[in-house]
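Inspection log for the structure reproduced underneath, given as structure tokens.
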Protein chains: 2
Amino acid sequence: MMNFTLRQLRYFDALARLGHFGRAADACAISQPAMSMQIRELEEALGSELFERGARQVRLTQLGEDFAGRVGEILRAVDELEDVARAARDRLTGRLRIGVIPTVAPYLLPAIIGELTRVHPELDIRIRETVTPNLLEELAEGRLDTAIVALPVSEASLTETPLFEETFVLVRPKSDEAKPVPNREALREMRLLLLEEGHCFRDQALSFCAMRSARPRELLDGSSLSTLVQMVGAGIGVTLIPEMAVGVETRSAAVSVARFEGPQPSRTIGMIWRRTSPLAYRLAEIAEIVRRAAAAERAA
Amino acid sequence: MMNFTLRQLRYFDALARLGHFGRAADACAISQPAMSMQIRELEEALGSELFERGARQVRLTQLGEDFAGRVGEILRAVDELEDVARAARDRLTGRLRIGVIPTVAPYLLPAIIGELTRVHPELDIRIRETVTPNLLEELAEGRLDTAIVALPVSEASLTETPLFEETFVLVRPKSDEAKPVPNREALREMRLLLLEEGHCFRDQALSFCAMRSARPRELLDGSSLSTLVQMVGAGIGVTLIPEMAVGVETRSAAVSVARFEGPQPSRTIGMIWRRTSPLAYRLAEIAEIVRRAAAAERAA
DNA sequence: ATTCATCATCAGAAATAATTATCAGAAAGA
DNA sequence: TCTTTCTGATAATTATTTCTGATGATGAAT
């Protein structure tokens, strides 16, 4: 029942090629008896001889000849394993599944993807855009490698690293442009348009206004920041959006953007991954790249 | 530099399929720590992790996923080696290179080949027909597995086993049919046609006549028994041929065949092979088949 | 016949792998 | 929360395998 070993196959290969126990042993950096023993063991495991030992030469039997080809193939495949592992170790290679929350994705992704593929062209990047709870679940199940969300997440099983801080700005109808910027209390009296349930940005906005939950009457839910801004442009109310979305979202709508005075509302965007992920230290590297891309994006 | 082992690949395969150290260890009939250690060793040899150990589950990393396929292939190929060896051991399979001397080949081969392929249909039989010295050389060099020649050969490195005894008969012109059969002395005075140098049958015929070597004048060399018989039919002289050749060779020529009186000239035909040949015990079996085929042929 | 080359064999040493017992961390249930 | 349970890691020990260096045996070459 004793199965043979890879070592024996390597010795066999050497002996098959060199046809000489002593030289094959040298080639394998072992002593000649070790070579003899392992070959014999291999033959015993097989129940047939692979070599015909003449006094002057060692010849492959027909079975040996057959083996030589097959074993060569096997050893090639085995050595390939090492290559595969090395390639995976040296460069960041293959699939990288990134999850991103919807209030960040449209504004950050172009820059991130551009920078990542520039630095690691062999990377196969897959993006998943959904709300934080979904991202956390998929991360835990191993369907995502990392996610970009608002911190903190406070999951012991996850590592988190901040990427950048982003402030929220007020978006109101163009007609309000000249009016003073409302403070938090004043804001509470206005018609505040928010994203639908599930988006963390909704909670962050509410939290800024010191509102526990939305008063159903006065609020209208939108499914994306774009929608909210369009609604503002139509004079339905006001909304908050992250600084980063300003450029893209307010271009085509008749709205005005204003910064709050005093304490700026803001949130921290960060990257998270399973603490146990073998990509962990790779992901730290990727976080750095993303940080750079985000900084460049915000500067523009 | 330490390379990994087949054993580790088998353990890896089990773990990759079962996703559980304990169960994989059971499947491999080892303890769980042994499994853990070997997997870790494999990972260390590769320099990358193959599994991501979660508290509740063991998941393949991307590299591990890649490995799973490759390792499966490798193990399949390795197990195939065993199959190949077993097939070679159980049945006589593959190539069998038989050398035969020219004074036996045409008469014996049809029966031998027929019988051998009947008993071992998977046998790939190759025939080499040449004179004994060539056969011995090719046998020694491993270019032949066995040879059928006249015994004795008396080479210590070769095993020989007799197949059958065959007597020589006199072939003379049809016109001589009524004359008494000459004895050895009388034969010496006749024009004896012989095979050219190198054929053992030439030496055996000369030896019967108690002649050391042929007297150049009186002899004429032929390159085959057929030629000799044709020459006899043309009235050029007389010749000896092995009993076994009578049926084939004297059919179409105007010759008469006569047995000698008293001590019959004869030779032993046998099979030889390298004592070191791993086919040795197989060849004994083949010799038995050949013996049977020859007996059947001679009976007909 | 003697020497040389070459592979086999042996006994002890070194390296490898296995076992049992135990630990530590995370998930699940009370 | 606080256990309990599940799971893999670690440690110490034992068993097995593999290697080496010395020696033996055998056939080929001088």
Quiz item: In whole angstrom, what separates A:Glu49's CD from C:dA8's C1'?
Solution: 13 Å
Self-check item: Phosphate-side-chain proximity, A:Arg7 and D:dC19, N/O vs OP1/OP2 below 4.0 Å
Solution: yes
Quiz item: The side chain of B:Arg53 lies closest to which of these nucleotides: C:dA18, C:dT6, D:dG8?
Solution: D:dG8
Quiz item: B:Ile30 side chain: which of C:dA18, C:dC7, C:dC10 is closest?
Solution: C:dA18
Quiz prompt | Of the listed nucleotides D:dC19, C:dT6, C:dC7, the one nearest the side chain of A:Ser31 | solution = D:dC19
Practice problem: Please test B:Leu75 against B:Arg10 for side-chain contact (heavy atoms from CB on, under 4.5 Å), starting from the C-alpha separation and ending with a verdict. | Solution: CA-CA 7 Å; B:Leu75 294 179; B:Arg10 289 196 191 281; 3.8 Å; yes
Quiz item: Whole-Å distance between C:dT19 C1' and B:Asp26 CG?
Solution: 14 Å
Self-check item: Atom-to-atom span, CD of B:Glu52 to P of D:dA9 - whole angstrom
Solution: 13 Å
Quiz item: At under 4.0 Å between heavy atoms, what does A:Tyr11 touch on the DNA or RNA strands: base, sugar-phosphate, or nothing?
Solution: sugar-phosphate
Practice problem: Specify the closest pair of heavy atoms between A:Ile101 and A:Cys200, including all atoms of both residues, with the distance to one decimal. | Solution: CD1-SG, 3.9 Å
Practice problem: Mind calculating the distance between CD (B:Gln32) and C1' (C:dA17) to the nearest angstrom? | Solution: 15 Å
Practice problem: Kindly point out which of C:dC10, C:dA17, D:dC19 is positioned nearest to the side chain of A:Pro33? | Solution: C:dC10
Exercise. By nearest nucleotide on DNA chain C, pick out whichever of A:Arg275 and B:Glu41 is the more 5' one.
Key: B:Glu41
Quiz item: Starting at the 5' end of DNA chain D, which residue's closest nucleotide do you reach first, A:Ala29 or B:Phe21?
Solution: B:Phe21
Practice problem: Please work out whether the ring planes of A:Phe67 and A:Phe12 are parallel, tilted or perpendicular, with thresholds of 30° and 60°. | Solution: perpendicular
Quiz item: When you check the phosphate oxygens OP1 and OP2 of D:dG8, does a side-chain N or O of B:His20 lie under 4.0 Å from one of them?
Solution: yes
Practice problem: Would you kindly compare A:Ala156 and A:Arg40 by the position of their nearest DNA chain C nucleotide and give the one closer to the 5′ end? | Solution: A:Arg40
Self-check item: Euclidean distance, atom CG of residue B:Leu18 to atom P of D:dG8 [Å, nearest integer]
Solution: 11 Å
Practice problem: Return the value, rounded to whole Å, for the distance between atom CE of B:Met37 and atom P of C:dT19. | Solution: 9 Å
Practice problem: Round to a whole Å and report the spacing from CE of A:Met35 to P of C:dC7. | Solution: 11 Å
Quiz item: For C:dA18, does OP1 or OP2 lie under 4.0 Å from any side-chain N or O of B:Gln38?
Solution: yes
Exercise. Could you please spell out the steps behind the salt bridge (charged side-chain N to carboxylate O under 4.0 Å, His left out) verdict for A:Arg53 and A:Glu43?
Key: CA-CA 13 Å; A:Arg53 284 95 160 146; A:Glu43 290 176 325; 2.9 Å; yes
Quiz item: Nearest-Å distance, CG (A:Leu50) to P (C:dC7)?
Solution: 16 Å
Quiz item: Which of these nucleotides, C:dA17, C:dC10, C:dT20, is closest to any side-chain atom of B:Thr5?
Solution: C:dA17
Quiz prompt | Pairing of B:Glu285 and B:Arg282 as salt bridge, 4.0 angstrom limit | solution = yes
